[in-house]
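Labels below follow one simple rule: chain letters A, B, ... track the order of the sequence lines, proteins then strands, and each chain is numbered from 1.
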Amino acid sequence: MIRQAQKFLDKLELDRTGRPGRSALLANDDRIVGTGADDLCQLGHELLERLNVVAVALVEPALPFADFLIRKAGRAESCLVPRDTETRTFLHDIPFVRHQELATQPADQLARLLGNRKGILVEGLGIIATGAVTPEQAYINVSSIFHSVFVKYLLDILGEKSLSAEEQLALADFQKNWLKPLASDIAFAPAGTLDERAHILDEICRIGRETVRLGLVDSFFGNISLRHQETIYISQTAASLDELEGCIDPVPIDNSSTCGITASSELLAHQKVYAQTGARTLLHGHPKFAVIMSMICETAECPITDCWKDCPHVRQVGTIPIVAGEVGAGGLAERIAPVIGEPGAVMVFGHGVFAIGRDGFRDALAAMIATEEWCRNEYFRRLEANG
Amino acid sequence: MSVSGKQPFGWQGQALHVNLSTGTIHSQPIPGEWLSNYLGGRGLGVRMMRDYYRLDPFDPDMPLIFAVGPLCGTAAPTAARLAVVSRSPLTNTIYDCSAGGRFAYRLKQAGYDALVVTGTSSRPVALNITADGARLDDATLLWGEPVSATVRAFANASSVAAIGPAGENGVLYASIMMSEGNAVGRGGLGAVMGHKKLKAITVKGDRKTRVADPDRLRLAQQDIMRLFRASPVIFGELGIAEYGTPALVDLMAQRRMAPTDNFRKTLFANSSNYSGPAIRKHFAARKDGCYACPIQCKKSTPQGEHLPEYETVSHFGALNRIDDLHTIVKANTLCNEMGLDTITAAATLAAWGEIRGEFPTATELGELLAAIAHRNGDGDLLALGSRRMAQQLGHPEVAMAVKSLELPAYDPRGAYGMALAYCTSNRGGCHLRAYPISHEILRKPVATDRFSFAGKARIIKIAEDSNAVIDSLVACKFSFFGASLEEYAEALSAVTGHDYSPQELKRIGERIYLTERFYNIENGFADTDDILPERFFTEEGSSGDGISINPIDRTRFLEERRKYYRIRGLDDHGRFTDSDFLGQQP
């Protein structure tokens, strides 16, 4: 347990979710074990004593966006409701506690909130999330909340006329120090060499790791596949894209075997894309600026309210189409397959990017990087234009 | 909560009590404290058993309880289920069994959260329940009839629960069948019903379940459905909505944990003959399922014949080395007609096959099942289940059961959480109490290492608590391949008007689990019953394809079991340190 806790604590710092040295991850086996900052460990210990869960993670985020959102929230509000897919599907909303509302001995107060949701925000402290089954689950929930807060804050401020000096400073620091160039110098398998199972699995694992290294996915979210002859090799559901060894399902395209019941929830989308485009590879990630840009719609007086699932239009950002649709059997698969072929990438409202490769993963990764880069530049152009 | 006066939100607040010895029938309010603290279904039934758990399963005073949940009759997905609760004649443990279909919904519509049947009738009877009352009718002419003929005799009923010849003849694993083909399958509660001479129960009603906050329920329902759609196991292309639970056949073979040859091996080369795609192809399988369920995981032929579940195809298949799909489907239909639990029937036959050195052939399978149901010839011994049968034949080691309940089709050497959960289950070797296959194999909500015991004690404990809640709501376990207690707590709060948090629900689940364990311990069960058959500690399974199926390390198993006891607040032998445990419960 302690090894698992340490592993995911390290990941939180490595992916720059947590501020260095300001996180803790604890697990409860027949006794509580934990690792991380002493003060956070102590609070985590008190929380685990009160909760019927396996793990808790306490993370001071590397970006102050959560605190900014809490301060901007109306006095009557007690939770954030980001509109991205991860929040809508898995988190529903994110309860928060203002600094002045935090009890001197806050364990009971925080445990009550954590008893209702997978994670919460505490102003000045950060993200606290639980794992009902494993420490990894606590890590995943922290990562999802970090992602959702990131998207909501940056989306919200596009509509604001002015930002406080503190926010402006934080944004400048964020641009200069947190954001990294999206350059990949990975060597791809040469064209025509991906015909053996072992090579295919190895290439999928390598590309998965690169996708995570570039920050194109959060926690394990995202999926990746390669079609070879009558089989789609696809990452399993709930598989970390940087740890795909042993987590790739071979799925026959005629569904003659159901071994792939553990495949990614987006298997249907992968199947439809391969059937309609003749692509060889498909990469799906949640690059943050693409998620943000996909949620900006400038259509005036539109009658559609639940646009993330109900919008029938193919919108466009730059050269990239945007469609609506929810995860898995939620309609996304039907909408991306007809439009992804020519541009090689498509964005899904509030969700992320699907990108294809004609031969190997070179085109797919390049298309995803280019999409995110374009969205990042366009985002800051719009922010600057706002003054 | 008060149930006096107005009907409460969520619950009907009433139980129908039927005494078959005296023929008396009356409705009685259920204490509100029981409903709020035990919810319904399994929890309510377990609470109602407090004054009776020491009785022999066939004692006339032993209750047979049918209990629905607060979500039944609302838009909360997969909640039109009920639990049947009593003491099992097969395991002697407290026992509950969950079933879908329409019976639960109609019982609630008739105005009841629970039906409590006690006593023994002097002649076969049928209990007919409507919203206007209930009556007992003579069923002598139906005694001996198979389930389908019995159901046909009640054409005007909205739903029927009936036993077949197996229940009448006291087969210790007789089931209770719903008219829609769903089974109260495991644990022999059909034999309890048969002993009471109760052939059938019909229900009909039109009462609504009151919902405190319909808008809040609609949002909760949307959240649940979104998670169903995001779950590959539920609505995925290869998931159970498409292929039913036989979708697991290929996966269990790939993971090399499909019990074969009475658990001597873990891979059956011809299992693809009865996989989900094979069943779809050969029987033109169509979707079927419980009332208003969006998943519709049951499969049936266009003619309406119900097709077997994963456990059934695998145990009549690999466990008995039968690879003919049509034989397996016929065996399933015959079990449904006779009112036999398919898992125990197949596992008992496999253990018997190991003793006699020959598994039942496809041609003799049907005759054997009929002999069991009627207790003819070898069937009389086989009707006792694998443990008693093997013991009487001098080979107790071949009974692959925990607490006399035959293990289902997940070999414990291929999933160590499953190994532990089979043993800590209060009703014996059941996969559904903690359902660790969810994370050890199906990666939901996250994956765990199936070949490691690390952390499994607490994971199993939490899952047992959660599943006790699910069985009390009563919702379908499959829902939790997508949703979680977070969403169902919201639905429950919306329906009842009382705010339940997931943590509070888990506390209720813990109370239910511990109550059951307390009953069992008081009835003589001990840590020596929380153990797997010796085979799993000494023999390896079918290793290959880079997967080693080794014997389970007994020392490590026992260490994790001790951890489990500690986490549960029990002593090192799994006993209660406080003899007044029940006195402290609501």
Counting only non-hydrogen atoms closer than 4.5 Å, does [X] touch chain A with its backbone (N, CA, C, O), its side chain (CB onward), both, or neither?
| X | result |
| --- | --- |
| B:Leu442 | both |
| B:Ala454 | neither |
| B:Arg255 | side chain |
| B:Asp465 | side chain |
| B:Ala489 | neither |
| B:Phe235 | both |
| B:Ile441 | backbone |

Can you tell me how far the [atom1] atom of [X] sits from the [atom2] atom of [Y], to the nearest 0.5 Å?
| X | Y | atom1 | atom2 | result |
| --- | --- | --- | --- | --- |
| B:Met225 | A:Glu326 | CE | CD | 10.5 Å |
| B:Glu486 | A:Arg117 | CD | CZ | 4.5 Å |
| B:Asp449 | A:Gln4 | CG | CD | 9.0 Å |
| B:Gln503 | A:Leu114 | CD | CG | 8.5 Å |
| A:Ile261 | B:Ile240 | CD1 | CD1 | 7.0 Å |

Looking at chain A, which one of [options] has the largest number of heavy-atom pairs inside 4.5 Å, strictly under?
| options | value |
| --- | --- |
| B:Ile459, B:Leu485, B:Ile462 | B:Ile462 |
| B:Thr448, B:Val233, B:Leu251 | B:Leu251 |
| B:Lys444, B:His439, B:Glu504, B:Glu242 | B:Lys444 |

Using non-hydrogen atoms and a 4.5 Å limit, figure out which bit of [X] sits close to chain B: side chain, backbone, both or neither.
| X | result |
| --- | --- |
| A:Leu267 | side chain |
| A:Val53 | both |
| A:Ala27 | neither |
| A:Leu91 | backbone |

- Within-4.5 Å side-chain heavy-atom neighbours: B:Pro277 and A:Asn255: no
- 4.5 Å side-chain heavy-atom contact, B:Pro502 and A:Asn116: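 Yes, close enough: below the 4.5 Å cut-off.
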- Task: List the steps, then state whether side chain to side chain contact (heavy atoms under 4.5 Å, CB included) holds for B:Lys461 with A:Asn52.
- Result: CA-CA 9 Å; B:Lys461 183 265 180 194; A:Asn52 201 354; 3.3 Å; yes
If you count heavy-atom pairs under 4.5 Å with chain B, which of [options] comes out on top?
| options | value |
| --- | --- |
| A:Cys259, A:Gly328, A:Gly331 | A:Cys259 |
| A:Ala132, A:Gly330, A:Ser257 | A:Ser257 |
| A:Met1, A:Arg50, A:Lys118 | A:Lys118 |

- Going through the checks in order, is the side-chain hydrogen bond (donor to acceptor under 3.5 Å, both in side chains) test met by A:Asn28 and B:Arg458? CA-CA 8 Å; A:Asn28 197 0; B:Arg458 186 170 292 276; 3.3 Å; yes
- Query: Is any side-chain N of the basic residue among B:Arg566 and A:Asp30 closer than 4.0 Å to the acidic one's carboxylate O?
  - Reply: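 Here B:Arg566 pairs with A:Asp30 in a salt bridge, since their nearest N and O are under 4.0 Å apart.
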- Message: Apply side-chain hydrogen bond (donor to acceptor under 3.5 Å, both in side chains) to residues A:Thr258 and B:Asp250 and explain how you reach the verdict.
- Response: CA-CA 6 Å; A:Thr258 50; B:Asp250 292 329; 3.2 Å; yes
- Might you point out which heavy atoms bring A:Pro250 and B:Gln254 nearest each other, and give the distance in Å? CD-NE2, 4.4 Å
- Can you name the nearest heavy-atom pair linking A:Thr134 to B:Ala447, along with the distance? CG2-O, 4.3 Å
- Give a yes or no on whether the backbone of B:Pro445 and the side-chain of A:Gln137 come within a donor-acceptor separation of less than 3.5 Å.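 A pair under 3.5 Å: no.
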- Exceeds 12 heavy-atom contacts within 6.0 angstrom, atom CZ of B:Arg556: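 More than 12 within 6.0 Å, yes.
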- Query: Does the side chain to side chain contact (heavy atoms under 4.5 Å, CB included) test come out yes or no for A:Thr89 and B:Arg229, once each step is laid out?
  - Reply: CA-CA 10 Å; A:Thr89 309; B:Arg229 289 191 287 269; over 6 Å; no
- Task: Would you please test B:Glu487 and A:His92 for side-chain hydrogen bond (donor to acceptor under 3.5 Å, both in side chains) and show each step?
- Result: CA-CA 9 Å; B:Glu487 293 77 31; A:His92 310 307; 2.5 Å; yes
